[in-house]
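Scroll down for the structure; my scribbles are underneath it.
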Amino acid sequence: TRTGYTFLGWSTSSSASSATYTSGETYNFSESDTLYAVWKINTYKVDVVVNNGTTDSSTKTVNYNTNATFTVNPSTGYHYTSVSCTNNQKASMSGTTLTVSNVTNDTTCTVSNTANTYTVVYNSNGGSGTTNSSTHTYGVSKALTKNGYSKSGYVFAGWSTSSTSSTVTYTDGQSVTNLTS
């Protein structure tokens, strides 16, 4: 036996990739011969399931004890938090690269993700008072914090993402969802 390989038969050449004789076949020796075992490396299928994202390939076939590498791209608003594989197969994520290490069985890996969270910081832009920051989760609707600032001679119109803008991007207490930054 040879771990990770399938026995194909026998050959008179040590470098043969196909068997000349099958196991149990009769061989007539003409002189003192050496028969060499012919082995074929096993291949395994690695499947990847990605929640809220995509991959360059959902299935790859790799040789025994080699790595399978996938590019995994999360959907907007999500980041990957863990990878789990069947058959005790080890895998890791680095950026958008999923590496399934030293594959020794057919396996399925599931890439789990979490919605991003964002902190909205409110700036008085020349006013006074306080308005607490708010934390938002991608995909979840939540109201912006009500304005707690005041500015003499001005009426609060709303919020903008630019300190020099004269137009309102968000109204006071507006419900927002799917912020990406």
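Owing to the predicted nature of the structure, the values given are computational and were not obtained by experimental measurement.
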Under 3.5 Å, which donor-acceptor pairs do the side chains of residues 16-24 form with other protein atoms, sequence neighbours left out?
residue : atom : partner : partner atom : Å
Thr22   : OG1  : Glu25   : OE1          : 3.3

TODO: Any ring pair (Phe, Tyr, Trp, His ring centres under 6.0 Å) involving residues 35-64? Give me the pairs, sequence neighbours left out, ordered by first then second residue.
DONE: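 Every pair satisfying ring pair (Phe, Tyr, Trp, His ring centres under 6.0 Å) with a residue in residues 35-64: Phe7-Trp39.
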Task: Residue pairs fulfilling ring pair (Phe, Tyr, Trp, His ring centres under 6.0 Å) with at least one residue in residues 134-177, sequence neighbours excluded - done: Tyr78-Tyr138, Tyr122-Trp159, Phe156-Trp159
- [ ] Would you please name every residue forming a salt bridge (charged side-chain N to carboxylate O under 4.0 Å, His left out) with Asp172, sequence neighbours left out?
- [x] none
Pairs meeting criterion disulfide (SG to SG under 2.5 Å) with involvement of [range], two or more places apart:
range: residues 145-181; value: none
range: residues 36-116; value: Cys85-Cys109
range: residues 2-67; value: none
range: residues 4-61; value: none

- [ ] For Thr86, check side-chain contact (heavy atoms from CB on, under 4.5 Å) against everything at least two apart and list the hits.
- [x] Thr107, Thr108
- [ ] Quick one: list whatever passes side-chain contact (heavy atoms from CB on, under 4.5 Å) with Asn123, sequence neighbours left out.
- [x] Asn125
Open item on the list: Is there a side-chain hydrogen bond (donor to acceptor under 3.5 Å, both in side chains) between Ser84 and Thr110? Walk through the geometry before answering.
Closed with: CA-CA 5 Å; Ser84 62; Thr110 302; 4.9 Å; no
TODO: Linking directly or through intermediates, with side-chain heavy atoms under 4.5 Å: list the remaining ILVMFWY members grouped with Val38, chain and number order.
DONE: Leu8
- [ ] Can you run down the salt bridge (charged side-chain N to carboxylate O under 4.0 Å, His left out) pairs that involve residues 51-66, sequence neighbours left out, and say none if there aren't any?
- [x]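 Non-adjacent pairs meeting salt bridge (charged side-chain N to carboxylate O under 4.0 Å, His left out): Asp56-Lys60.
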